[in-house]
Every structure is written in structure tokens, then in C-alpha cells.
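Okay, so here's the structure we're looking at.
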Amino acid sequence: MPVADAAGLVLAADAMAAEQVPPFDNTAMDGFAVRAGDTAGAPVTLEMIGTVAAGAAFDGVLAPGQAVRIMTGAPMPVGADAVVMVERSTFDEAAGRVELEIEVAVGNHVRAAGEDVQPGDLLFPAGTQLTAGHLGVLASVGLSTVAVVRRPRVGVVSTGDELVDDGRPLEPGEIRDSNRRTLLTLVAEAGWEAVDLGIAIDQKAAIETSFLEGAATCDAVLSSGGVSMGAFDYVKVVLDEIGDMRWMQIAIKPAKPFAFGLLGETPMFGLPGNPVSSMVSFELLAKPALRKMAGESDFGPRVLRATSVDSLGHSPDGKTHFLRVEGEQDDYGRWTVRRAGGQGSHQLTAMARAVALAIVPDGAAIEPGDEVDVIILR
Ligand code: AMP
Ligand code: MG
């Protein structure tokens, strides 16, 4: 991959340096390149024999008693071994003289060649997720391409006879498809390639066609709907017939129904249909797997401790609840959270407003002022 396009991707191989950084000894300050010994007993006056800018090189050798005016980043002239910063000098260009106020040691303000990177250095190991700093280092050693784990291509399909996605007025019993929009966006926000596989009606043939297309063109497929106990929930049936199906009911609320299977090599995530459930299911179950596919090593959800303003407990029902909460962080990073609105699995507005999911263990009594674990959503 060109380094220019690699932000956020994960190294598939160790990144090694072929060049040294800095490439040559240079000055860290604007000032005068000198022989350190000539500054003994400062103030001293030296002969000023030239000026060297960054990008140029001093043509000649600095002899005892001489100084070269030098700009930050310019190569050290041959013969010079230290720099006196310009603020500690007074110079007379016409007379070709400079007075230096201070005595300096060998190496003063000199950045040695290879001080940051040596040829053959392991810059970053395979598995590193590339951020701005990493890409800068790769650029500094002249690497224009880098071996990375491919961005997963993730197909998204909605299932359901009731779904409408063309903006026309709704007929009785119809609703608008929102899951495809949320899931495609969640995939894109994670930095992966989102592939719209459209809507499949609640018929085995339609779901099969869509799953086969997804498996053939994508690294993973997310479907929503059709995984619970209804008479027309065919996702598990189809996955069972054409793939290796493992389905589960998970002791959480929302997002209890879930189907996972493999179609050939392609993982298929059958997320629940309710709009909040499909998002929560994505966050908890699909996203960690996709992050692992993308080469990330730290792929679990980010759980933090927060203080709740509201009462968040629930009576025992055998499930861990994930409540949609709004909130903010104070200047020290401590989170305060409160209910984001209606907590039904069909009430997507609360999910849209939420910054986190509060993890409420079965039967927990979380009262105002109590602490609660939260999963940060953004
Ligand atoms: P299902 O699991 O297919 O029975 O769907 C559960 C609930 O989610 C039903 O009320 C569906 O109408 C609704 N639902 C399913 N898919 C979508 C979708 N793509 N967008 C919005 N709601 C959906
Ligand atoms: Mg359905």
C-alpha cells in the first residue's frame, strides 16, 4: 500500500529502515559552526568565512580560528564540531568577524547522523496500527510503500418483507430500512470498506442469493433481522443449508438473538433486526471480530468506569443489560452518564444520542451517584 493511504491500517510485516535519520550531522540551532576548542576563554572573536543554509552544504574546510554562519538543519561544515546559537553572538558581516559570548563543548547543538534511526533498525513490528507519527517515520526513511493487512470488505444486507428503502409512502405494515444505513456507516467509521448488499425479502432463495453474493465479494457479511424465533426468520435456516451455521441466544438485552456462521471461509454475522439491537450486536460481537480480521491486536470494546446520575438497575431476568447513556467527561477524564432516552430496542433515537453503553449486570441496583462500567461508542 502507498504510505500515503496507510493511515489506520495495521502492518503485515516488520517495517525496517534502509536509511539513517538524520542523514548527516547537522545543526539544531541557527548560529555559528565552530571548533569547540576555539571558544575556550570566551568571549572570543573568530573569522566568519561564509554562510550555509538548510539544503546547502558548506564548500570548504573550517580551519582553527574560523566560524561559518549556519541555519537550523544545514549540514555541519567539515572541520566544525560545535554550534554557538545566534543569540549568543554579535557579528559584522562586512568585516567578516563574529564575537561569541560563550564557551561550548564538542557536539553542542549538533544532531548526529543516525541519531534517530540506523539502517537496519526495526522501526515498528508487524501488528502496529499506523498513526500519523508512524507514517512520518516511514516517510523520513524514504519508504513509499508498506505491507499492511487489507482493510476488510464488509457486506451489509437487510432482511424483511416489511422494509422500504426508496422513499415512497409506506403501505400498511411497511417500515423504512434503517439498519443498512447504520451498519454501513459503522463499518465505514471503523475504516473498513462497506459494501451495500441491499434488501433480501423473507424468502430462503432471496437470503441465499444475497449471502452467496456477499461471501463471493466480501471478507465478512453482516445481515440484520430474521434471526429470532419467528416463522419467517430464515437466516439461520439458510446459513445451515449453505454454510457452517452456529447460532446463539445471548443473555444480554438488547441483542439477544444472534447467528454466526461461515460460508466457505467468509464469516457471516446474523445480527438482530431491531434497530438498537443490531447496533449493539455489532459493537459487542461483530466489531471485535472485524478488528481482529483487520490485524488489530487490541480489539475488545473500550470499557471505562463512570458515575451515573440516574438509577440504572433492573430486576433479575438472567441478562446483562446495555443501556444507552448520554454523558460527558470532566477535565480529568472522569465520565458522568445518564439515560439517553427511551430504552426500547426499537427506539433508535436514544442510541443515536448515546455516547456509551452502560453495562448493568443482572439484578444490579445502580443508584444515582453509583459507579457503572460503560463502553464508549465514539
Ligand atoms: P426480525 O428479527 O426480522 O423479526 O426483526 C425484528 C424487528 O426489527 C422487527 O420489528 C422488524 O421490523 C425490525 N427490523 C428488521 N430489519 C429492520 C431494518 N433493516 N430497519 C429497521 N427495522 C428493522
Ligand atoms: Mg424480519
Side-chain angles (χ1 to χ4, degrees), residues 154-189 194-211 213-214 218 220-243 245-261 268-287 317 319 321-322 324 340-354 357 377:
V154 183
V156 177
V157 53
S158 290
T159 72
D161 285 346
E162 72 277 35
L163 301 178
V164 169
D165 71 347
D166 59 5
R168 65 174 166 77
L170 297 176
E171 301 287 338
E174 290 181 338
I175 61 166
R176 302 195 191 279
D177 176 8
S178 58
N179 291 351
R180 211 150 32 105
R181 183 53 42 224
T182 51
L183 292 170
L184 287 166
T185 306
L186 287 169
V187 168
E189 279 176 356
V195 179
D196 188 348
L197 297 172
I199 293 174
I201 58 171
D202 288 320
Q203 287 179 8
K204 278 169 42 176
I207 293 171
E208 180 173 328
T209 304
S210 160
F211 280 9
E213 184 198 337
C218 301
V221 174
L222 308 175
S223 69
S224 69
V227 289
S228 38
M229 305 305 285
F232 309 106
D233 288 339
Y234 289 126
V235 166
K236 290 171 290 193
V237 179
V238 169
L239 268 182
D240 209 19
E241 281 177 14
I242 61 174
M245 164 66 203
R246 302 161 213 178
W247 76 275
M248 290 158 245
Q249 302 258 28
I250 300 177
I252 59 175
K253 186 176 179 176
K256 178 177 80 159
F258 178 65
F260 178 78
M268 313 289 290
F269 297 87
L271 310 180
N274 276 306
V276 176
S277 309
S278 66
M279 288 185 79
V280 170
S281 190
F282 175 86
E283 289 294 335
L284 298 181
L285 304 172
K287 192 175 184 186
D317 60 2
K319 295 179 195 160
H321 288 210
F322 292 85
R324 278 67 74 203
Q343 295 290 326
S345 61
H346 58 297
Q347 290 172 299
L348 193 52
T349 50
M351 183 69 184
R353 277 197 295 269
L357 298 172
L377 293 172

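In listed order, ligands and their atoms are each counted from 1. All residue numbers in this chain count up from 1 along the given sequence. None of the values given here were measured: they were computed from a predicted structure.
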For [atom], what is the nearest protein heavy atom, given as residue, atom name and distance?
{"atom": "atom 20 (N) of ligand 1", "result": "S178 N, 3.1 Å"}
{"atom": "atom 13 (C) of ligand 1", "result": "G273 O, 3.7 Å"}
{"atom": "atom 3 (O) of ligand 1", "result": "G226 N, 2.8 Å"}
{"atom": "atom 17 (C) of ligand 1", "result": "N179 ND2, 3.2 Å"}
{"atom": "atom 22 (N) of ligand 1", "result": "I175 CD1, 3.4 Å"}

Numbering the atoms of ligand 1 from 1, which are under 4.0 Å from a heavy atom of [X]?
{"X": "S158", "answer": "19 (N)"}
{"X": "R176", "answer": "20 (N), 21 (C)"}
{"X": "S228", "answer": "2 (O), 4 (O)"}

Where is the tightest heavy-atom contact between [X] and [Y], given as atom of each residue plus distance?
{"X": "V227", "Y": "P272", "value": "CG2-CA, 3.7 Å"}
{"X": "R176", "Y": "R168", "value": "NH1-O, 2.9 Å"}
{"X": "G273", "Y": "N179", "value": "O-ND2, 2.7 Å"}
{"X": "K236", "Y": "S228", "value": "NZ-O, 3.2 Å"}
{"X": "E162", "Y": "G173", "value": "CB-O, 3.5 Å"}

message: Between ligand 1 and P275, is the shortest N or O to N or O distance under 3.5 Å?
response: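 No, since none of the N or O atoms of P275 sits under 3.5 Å from an N or O of ligand 1.
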
- prompt: Would you say Q343's side chain and G341's backbone share a donor-acceptor pair under 3.5 angstrom?
  reply: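 Judged by distance alone, yes, a pair lies under 3.5 Å.
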
query: More than 12 foreign heavy atoms under 6.0 Å from NZ of K204: is that the case here?
result: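 No.
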
query: Around K319, counting heavy atoms of other residues, nucleotides and ligands shown, do more than 12 lie under 6.0 Å from its NZ?
result: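 Yes, because the 6.0 Å sphere around NZ of K319 holds more than 12 heavy atoms from other groups.
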
For [X], state whether at least one heavy atom is located under 4.0 Å from any atom of ligand 1.
{"X": "G160", "answer": "no"}
{"X": "E162", "answer": "yes"}
{"X": "G230", "answer": "no"}
{"X": "P272", "answer": "no"}
{"X": "H346", "answer": "no"}

- prompt: Relative to each other, are the rings of F258 and F260 parallel, tilted or perpendicular (30° and 60° limits)?
  reply: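 Rings of F258 and F260: parallel, under 30°.
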
task: Would you indicate which of D177, N274, L348 comes nearest to atom 19 (N) of ligand 1 when only heavy atoms are counted?
output: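 Ranked by closest heavy atom to atom 19 (N) of ligand 1, first place is D177.
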
query: Does K253 come within less than 4.0 Å of D317, counting only side-chain N to carboxylate O?
result: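 Between D317 and K253 there is no salt bridge, as every charged N stays at least 4.0 Å from the carboxylate O atoms.
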
